[in-house]
Number of protein chains: 2
Amino acid sequence: MLNSYSSADKVLLAVDCIIFGFDNDGLKILLIQRDFEPEKGKWSLIGGFLKRDEVLDTAATRILNTYTGLNDIYMEQLHAYSEIDRDPVERTISVSYFALINIENHNAELIQNYHAEWFPINDAPNLIFDHNEMVQNAIKRLRYKTSVKPIGFELLPEKFTMRQLLELYEAILSKELDKRNFISKINSLGILNKLDEKDMQSSRKGSYLYTFNKEKYEEKLQNNFALNL
Amino acid sequence: MLNSYSSADKVLLAVDCIIFGFDNDGLKILLIQRDFEPEKGKWSLIGGFLKRDEVLDTAATRILNTYTGLNDIYMEQLHAYSEIDRDPVERTISVSYFALINIENHNAELIQNYHAEWFPINDAPNLIFDHNEMVQNAIKRLRYKTSVKPIGFELLPEKFTMRQLLELYEAILSKELDKRNFISKINSLGILNKLDEKDMQSSRKGSYLYTFNKEKYEEKLQNNFALNL
DNA sequence: TAATTAAGTGTAAATATCACATTAATAATT
DNA sequence: AATTATTAATGTGATATTTACACTTAATTA
């Protein structure tokens, strides 16, 4: 019988989160030092097991919240990893999720308590199991998403400068972008509010601050635009 | 304890396959009439449970082979579905896969024996569980993939005419394409071999047959091209 | 008040996309 | 043998998009 429920094998189902953040030093991911066996002391993605009464999306949200204190964060399911011995303890299938957060917003204390730490994506430690692969795939997806939705705004503080936005996109795509062309493309989308306020940290002249305009974005969304950078 | 293996709940893991095929009548999916409860007699995707010694990709391949007799088929993992009661019998998480096959190639006898049947994507019966949603998501992915890789060739016979290729893309994207612009775009990719042979079925003049040139495609692949149709 | 620093701005050339109509090859019909 | 009918094959000019590129401005500091 091909499809009998009773004879099928049950497995553990885990969720692992690739949490991206951005600050002045570039694009980062949040990793945790495992405090339990196996691989105790090594770096890993933040993760946990799916509960009986829980949907995968909820599990991902719960895990993110546990380690960062954050709610209402953009998360997206990526891929299910199922190599037989990917987890040496027991057959475990893991579904990866990625999240984008503004590094400034998270609960630093929580992160400390869990021995979690931010690492630049190009200078992260080796990870347990298949977590390196998960991260690489997440970066690919992030790049793709960036071209299709103005997803990067999740990574910036509420008010940001054009330079910050440019550098974020450069970090995500890991290539240099032409400043003028970038600005005119972004402006042509019409999804930014230019404030009267300036940020005086970065230069003598000061640079205007912007906010992301969700309403205008929702309007635009119908004609699913692409941002070719 | 957040991460203890022992306290975690195990679940059934299923694989469901969205199998796309193409013939003169357009784009189709392969569905099966369930011969077991629950929902016996209703239409469903082709699926099965993950086995203990099996990776998800292998399970998807096995399931495809069981029902179609085909091997070496392009398949891709799509998404994990985990709603609590999506399967009324028991908590089951299902990972969807999509496959592209040339309808002419499959084993028709096998399909008959399993009460499977091809349905036009726009005229398919209502499906059990969350399978309708799976199909809709698969169509979206197929559309996207089509613009990024020349994936459609999997759906055609080895030798095909430009008209067939055009109609395939029109079916996938569900919009009319300009014949001349389509041909020149496809040609500019340089991934087709024009044969000396003509297909005389479709017209008096006859139309040249083409094959897909895998070598040239692999060459091109480096500069990951996009096909904007 | 001169020097420094990053911000802000526009245009022309190249490329890609789009809309569009006629001729060519053959088989079937007379 | 000539005519008709059918689908295949082909190119161009107009428009839109993308790219490359350099100087001026505003404010602070020496």
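Proteins come first, then strands; the chains are lettered A, B, ... in the order of their sequence lines, and each starts at number 1.
Between the OH atom of Y208(B) and the P atom of dT10(D) there is a distance of 8 Å, rounded to whole Å. Residue L166(B) contributes atom CG, which lies 15 Å from atom P of dT7(D) at whole-angstrom precision. Rounded to an integer number of Å, the gap from CG of N228(B) to C1' of dT18(D) is 13 Å. Between K185(A) atom NZ and dA20(D) atom C1' the separation is 12 Å, expressed in whole Å. Put simply, CD1 on I186(B) is 16 Å from C1' on dA9(D), counting in whole angstrom units.
Side-chain contact annotation: D16(B) with S94(B), donor-acceptor N/O pair under 3.5 Å present.
Between F160(B) and F153(B), the ring-plane angle classifies as tilted under the 30° and 60° cut-offs. Ring orientation note: the planes of F98(A) and Y74(A) are nearly perpendicular, at an angle over 60° on the 30°/60° scale.
N107(A) approaches L110(A) most closely through the heavy-atom pair OD1-N, 3.0 Å.
Annotation: the terminal axes of the helix from dT1(C)-dA30(D) to dT30(C)-dA1(D) meet at 10°, where each axis is the rotation carrying the C1' atoms of four end pairs onto the next four (5 pairs per end, rounded to 10°).
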Problem set entry | Verdict with supporting geometry, E117(B) and Q33(B), side-chain contact (heavy atoms from CB on, under 4.5 Å) | CA-CA 8 Å; E117(B) 208 176 309; Q33(B) 202 162 20; 5.9 Å; no
For this session: Given salt bridge (Lys or Arg N to Asp or Glu O under 4.0 Å), test E218(B) with K214(B) step by step and report yes or no.
Result: CA-CA 6 Å; E218(B) 297 293 345; K214(B) 270 225 156 109; over 6 Å; no
For this session: Show your reasoning for whether side-chain contact (heavy atoms from CB on, under 4.5 Å) applies to I103(B) and H106(B).
Result: CA-CA 6 Å; I103(B) 287 186; H106(B) 75 271; 4.0 Å; yes
For this session: Could you walk me through whether Y97(A) and D57(A) pass side chain to side chain donor-acceptor pair (under 3.5 Å), step by step?
Result: CA-CA 8 Å; Y97(A) 274 77; D57(A) 288 2; 2.5 Å; yes
For this session: Please test F119(B) against V135(B) for side-chain contact (heavy atoms from CB on, under 4.5 Å), starting from the C-alpha separation and ending with a verdict.
Result: CA-CA 12 Å; F119(B) 288 91; V135(B) 170; over 6 Å; no
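Not counting sequence neighbours, K140(A) has no partner by the salt bridge (Lys or Arg N to Asp or Glu O under 4.0 Å) test. A search for salt bridge (Lys or Arg N to Asp or Glu O under 4.0 Å) contacts involving D130(B) returns R86(B), not counting sequence neighbours.
Using a 4.0 Å cut-off on heavy atoms, the residues of residues 174-182 of chain B that approach DNA chain C are D178(B), R180(B), N181(B), listed by number. Against DNA chain C, the stretch residues 199-207 of chain A makes heavy-atom approaches under 4.0 Å through S202(A), S203(A), R204(A), K205(A), G206(A), S207(A).
If you walk DNA chain C from 5' to 3' and mark each nucleotide with an atom closer than 4.0 Å to a heavy atom of chain B, the marks span dT17(C) to dA28(C).
Here L142(B) contributes atom CG and I29(B) contributes atom CD1; the two are 11.5 Å apart, rounded to the nearest 0.5 Å.
Geometric assessment of K194(A) against the ring of Y210(A) yields a negative cation-pi assignment under the 6.0 Å and 45° thresholds.
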